[in-house]
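Presented below is the structure to which this report refers.
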Amino acid sequence: MNRLRTALATAAAAALGLAALAAPAQAAAQPAFLAASQMPPSSTPWTATQVFPGVPENGGVLCAPYKIPAQNTRYREFSTELDTNGVQVTTVARTEADAVKLVDTLRKSLAGCGPLLERQNPGLHAVSAYHGKLAVEEGAWVYSLDTADPQVGNTDIHLFSVGRDGRTVTLVRWGQMGDLADAPLTGFKTTTKTAVNKLY
């Protein structure tokens, strides 16, 4: 009987130890990312890279370069056979107040991207537009950037969104050749809601 009690006490202690070990692991859970199938519908399938630490090589994304800190940040890139591409960048801020500030910074960058690109690239026509706030967690905001380069003859359209869940901020970009009429704006809004909801 004493042996049985000792065995039960040892098992209980081990269980408590495992629970104590599991708690920090849960607290440190990383935000989840979009899967390729959750990008806006495309005529050819999306593929996704693994999730990388830091920010993409250009320091973030078009319209918001170097605005997102590399620390506590990860990203995943997406592409199709038709040169449609995208990226999701997610960062965990030190505090919720810091996350709010980052969202404000990114929103200002996205809203002012067109005029900034025109100043930096004479001859380029670039128009930024705001497409509203989405009701998901602490909110998500959607923007577009429509560019045309008469010298090269290229037109490109990009969709952006920035959303927040507590201390975590995620930015999603989608882009391809064409203009706003060619962009899956409704599908991108669905992708954005999925991205924010999926963080935790």
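Given the structure is predicted, the values throughout are model-derived calculations rather than measurements. Just so you know, residue 1 is the first one in the sequence shown, and it goes up from there.
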Taking all heavy atoms of [X] and all of [Y], pick out the closest pair and write down the distance.
| X | Y | result |
| --- | --- | --- |
| Arg107 | Val162 | CG-CG1, 3.7 Å |
| Arg164 | Glu96 | NH1-OE2, 2.9 Å |
| Thr91 | Gln71 | OG1-O, 3.7 Å |

Gln151 atom CD, over 12 foreign heavy atoms within 6.0 Å: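 Not buried by this count: 12 neighbours or fewer within 6.0 Å.
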
Gln38 backbone acceptor or donor facing Thr191 side chain under 3.5 Å: yes

Lys189 side chain to Gly132 backbone, donor-acceptor under 3.5 Å: no

No-hydrogen, no-angle side-chain donor-acceptor test under 3.5 Å, Thr95 and Asp98: yes

Check for me, please, whether [X] and [Y] land in the same ILVMFWY cluster - side-chain distances under 4.5 Å, paths through other members count.
| X | Y | answer |
| --- | --- | --- |
| Tyr75 | Leu171 | yes |
| Leu117 | Leu159 | no |
| Tyr130 | Leu106 | yes |
| Ile68 | Val103 | yes |
| Leu124 | Leu145 | yes |

Reported CG-to-OG1 distance for the pair Leu82 and Thr44, which is rounded to 0.5 angstrom: 4.0 Å

